[in-house]
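First the proteins, then the strands, lettered A, B, ... as listed; each starts at 1.
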Number of protein chains: 2
Amino acid sequence: MQTKKVTVKDIARLSGLSIGTVDRVMHNRSGVAEESRRKVMEAMESLGYTLNTNASLLANKKHYRICCLLPSFESGDYWELVYNAVASAQRDAEGYNLSIETLTYNQFSREEFIEAVERLKADLPQAVIVAPIYRNDTIELGHYLKEKGVPMVFIDSKVSEADYLAYYGIPMWESGYLAASLLLGDEPPQSIVNFRIERGGGIADNPTLARRHGFTDYVSENLPELRIYNEFLRPHDREHNFAVMDKFFAAHPDIRHIVTFNSRVHLIADYITTRGLKGMSVLGFDILGQNIKAVQEGVVKYLIVQRTQVQLRRGVNALAEWLAFGTIPPLKDNYMPMDILVKENINFYSELYKDN
Amino acid sequence: MQTKKVTVKDIARLSGLSIGTVDRVMHNRSGVAEESRRKVMEAMESLGYTLNTNASLLANKKHYRICCLLPSFESGDYWELVYNAVASAQRDAEGYNLSIETLTYNQFSREEFIEAVERLKADLPQAVIVAPIYRNDTIELGHYLKEKGVPMVFIDSKVSEADYLAYYGIPMWESGYLAASLLLGDEPPQSIVNFRIERGGGIADNPTLARRHGFTDYVSENLPELRIYNEFLRPHDREHNFAVMDKFFAAHPDIRHIVTFNSRVHLIADYITTRGLKGMSVLGFDILGQNIKAVQEGVVKYLIVQRTQVQLRRGVNALAEWLAFGTIPPLKDNYMPMDILVKENINFYSELYKDN
DNA sequence: GAAAATTTCGTGTACGTACACGAAATAAGA
DNA sequence: TCTTATTTCGTGTACGTACACGAAATTTTC
């Protein structure tokens, strides 16, 4: 390819028409004779025209705003990962005609979600990224946005019934199934315990539910005899949790396999470290700082994680292409890799965690 | 940030100078009084100027050529992955002022490598990406390129003694160590077999060597009693390989753990499937199509893979930033994630394999 | 067949940055 | 003080695309 880049000017010359006309056919705008359109298309074809993205974006003086609607977070919890990913995407967008904003809401308060949606509507951006919690309200938001012509992409989890442009996340059921195969595949135990962390607001958490289903489906397919104990912990009550676990392990000293389906496996790691328990097989999810530490120390054996940054980047890209060029993503639902982290490889995943 | 993007014009106005002067200080070009430079810097600071990448790249009419120097490949082997990654990066570069070329050489022929280097020198690109095989010749190439001011990045593996801008790849020793922990961690066997695939040219393959060291170091640390058998296969001689394996398993019917350190674990999967062996624990490397299939069918238990596409993308980005803005990558050696693939999660890695 | 309506097209300007060219200002030399 | 170097700066054009405006060509209307 030693030939220079072909430009609209080249195809204008070849087709015997002007830049303006070429431009019109390239944007399927009206006001061009069928004959001319054909000529232009042919010229584009034969010269192998490709758009100069820089020039296009520069000339296209529109400035797009993308708004991310996410649960707010406390330091060290799952949503901080997502927020960091947004911050990172924001920096990437800097210098392009894109800006990324964030709107957060308390995930346990439907009122706050609705209020956040109102704020969104009050100053409507050109595109929206949502990490959905409230199913019905999200569907409604989808309707509203569709009417306004504002595309929405889901990350983290999705609401299938809503109108959305694309989804980027991991398959939740499969992540549970994977968890079971890792934890139980080699030398299946007699029984295991699932520590379930209650959510503050007592709201149905569908993603985690799907994950548990994946796990139990694996069990009933492969280990119908396995006994799964369920014990309930609280997010912020260490004393209570320790009491629960003390009691449980006193009653079941033989149990060595522990699973938890949300991001708080570090609560259990804390207990194990404090009590000095040995020989436990613990599996958890999500690459929180405290979870990383637990894996590095060998307390948690497997951590299944998703690439939040990548998901968000893909989401932003999809929206940017839609906004700038009207491109629709090839796949609507994009199930992205679930990475398996163990002590020996976790250190090389740091980029996923650091906001880099 | 409802304020419009600040441009050079803005900072020219604020500093009371002209666009030209602002431009000069931004590029540290000569011919600007100290006083003026200070004013401009201050204005940039206070207005929070950020470069408009699109305009910059458009106006900067230079067209950069990046050349990738890689081993040639046959369909289905490891280097095809890398080549696909290059092709993908090439498409990404399309439309920007970047073009990516490929120069391949037979990895078993030093002559071909040297010849490829000559071709490279004959039509020197602005930057080079190398997947190195021949250590000394690569060092020499590094010297030459340094002299010419052409930056070089390594992918896949590196030659530490050479002059290079950056390296993107996985840590080989650690990948072997990880392999051992996965294959032997849970219920350590008495003995295992390492099928070693001889390379056509009989050349020292340092990366694979480092990987084997990682494996054996794990073993001597944790399982000093473990017996590792070494058997040698050939890349393209199925009959011979089957004979070797038949003989081996006849002599060692108790062995159920198999490892191989290069990308050809599918050769062993083929054998296992054909002979109908059951209960084998097989671990291999690299996300080749045939390896994926072997994992999906449950013949290979673990596949440790690297994200070739990401490595290449990072390499290209590093070079592009260096070329366009003179930016030096924050880290010289970038050790990237090693992903653990099993039957239950491999399907979601397809993007890494498909050239997408 | 001329005027009006409509379709079809070309020209010009803008986007923000890079850089060449030469003008103005300053310093050096006589 | 006037000329000649040298430093310092402003202006203009280009990059390739987007789009508004209006001119030319075509069709419609009476």
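For the helix from C:dG1-D:dC30 to C:dA30-D:dT1, the terminal axes (five pairs an end, C1' atoms, rotation from four pairs onto the next four) enclose an angle of 50°, given to 10 degrees.
When rounded to the nearest whole Å, the span between CG of A:Asn97 and P of D:dA18 equals 12 Å. With rounding to whole Å, A:Asp23 atom CG is found 10 Å from D:dA20 atom P. Distance, B:Arg29 CZ to C:dA18 C1': 7 Å, rounded to whole Å. Rounded to whole Å, atom C1' of C:dC19 lies 9 Å from atom NZ of B:Lys62. Protein atom NE2 of B:His27 is 14 Å distant from nucleotide atom C1' of C:dA20, rounded to whole Å. Atom C1' of nucleotide C:dA18 and atom NZ of B:Lys9 are separated by 15 Å, given to the nearest angstrom. Put simply, CZ on B:Phe325 is 11 Å from P on C:dT17, counting in whole angstrom units. C:dA18 atom C1' lies 18 Å from atom NE2 of B:His63, rounded to whole Å.
B:Phe154 has its side chain within reach of B:Pro132: a pair of non-hydrogen atoms, C-beta onward, lies under 4.5 Å apart.
Legend: residues meeting side-chain hydrogen bond (donor to acceptor under 3.5 Å, both in side chains) with B:Asp333, ordered by chain and number and at least two apart, are B:Lys158, B:Tyr164. Applying the side-chain hydrogen bond (donor to acceptor under 3.5 Å, both in side chains) criterion to A:Glu321, with sequence neighbours excluded, gives no partner residue. Applying the salt bridge (charged side-chain N to carboxylate O under 4.0 Å, His left out) test to B:Lys148 and every residue at least two apart in sequence or in another chain returns nothing.
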Could you give the side-chain donor-acceptor pairs of residues 115-122 of chain A under 3.5 Å, partners two or more places apart or in another chain?
none

Side-chain polar contacts of residues 32-40 of chain B - donor-acceptor pairs under 3.5 angstrom, sequence neighbours left out - could you list them?
residue : atom : partner : partner atom : Å
B:Glu35 : OE2  : B:Arg38 : NH2          : 3.4
B:Arg38 : NH1  : B:Glu42 : OE2          : 2.8

Run the side-chain donor-acceptor check on residues 322-332 of chain B: report pairs under 3.5 Å with partners two or more places apart or on a different chain.
none

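Across residues 38-58 of chain B, B:Tyr49, B:Leu51, B:Asn52, B:Ala55, B:Ser56 each have a non-hydrogen atom less than 4.0 Å from an atom of DNA chain C (numbered order).
Atom CE of B:Met41 sits in a sparse spot, with 12 or fewer heavy atoms from other residues, nucleotides or ligands closer than 6.0 Å.
Using a distance-only test at 3.5 Å, with no hydrogens or angles considered, no donor-acceptor pair links the side chain of A:Arg314 to the main chain of A:Tyr167. Looking only at distances, a side-chain donor or acceptor of B:Ser15 sits under 3.5 Å from a matching main-chain atom of B:Ile11.
Among residues at least two apart or in separate chains, ring-ring contact (aromatic ring centres under 6.0 Å, His included) pairs with a member in residues 31-73 of chain B are B:Phe73-B:Tyr83. Sorted pairs that involve residues 46-64 of chain B and meet salt bridge (charged side-chain N to carboxylate O under 4.0 Å, His left out), not counting sequence neighbours, are lacking altogether.
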Please tabulate the protein-to-nucleotide N/O contacts below 3.5 Å involving nucleotides 6-8 of chain C, giving atom names and distances.
none

For nucleotides 10-14 of chain C, give me every protein contact, N/O to N/O, under 3.5 Å, one pair per line with atom names.
residue : atom : partner : partner atom : Å
C:dG10  : OP2  : A:Ser18 : N            : 2.6
C:dG10  : OP2  : A:Ser18 : OG           : 2.6
C:dG10  : OP2  : A:Thr21 : OG1          : 3.0
C:dG10  : N7   : A:Arg24 : NH2          : 3.0
C:dG10  : O6   : A:Arg24 : NH1          : 3.1

Report task. Might you work through the side chain to side chain contact (heavy atoms under 4.5 Å, CB included) test for B:Val130 and B:Val153, ending with a clear yes or no? Result -> CA-CA 6 Å; B:Val130 180; B:Val153 329; over 6 Å; no
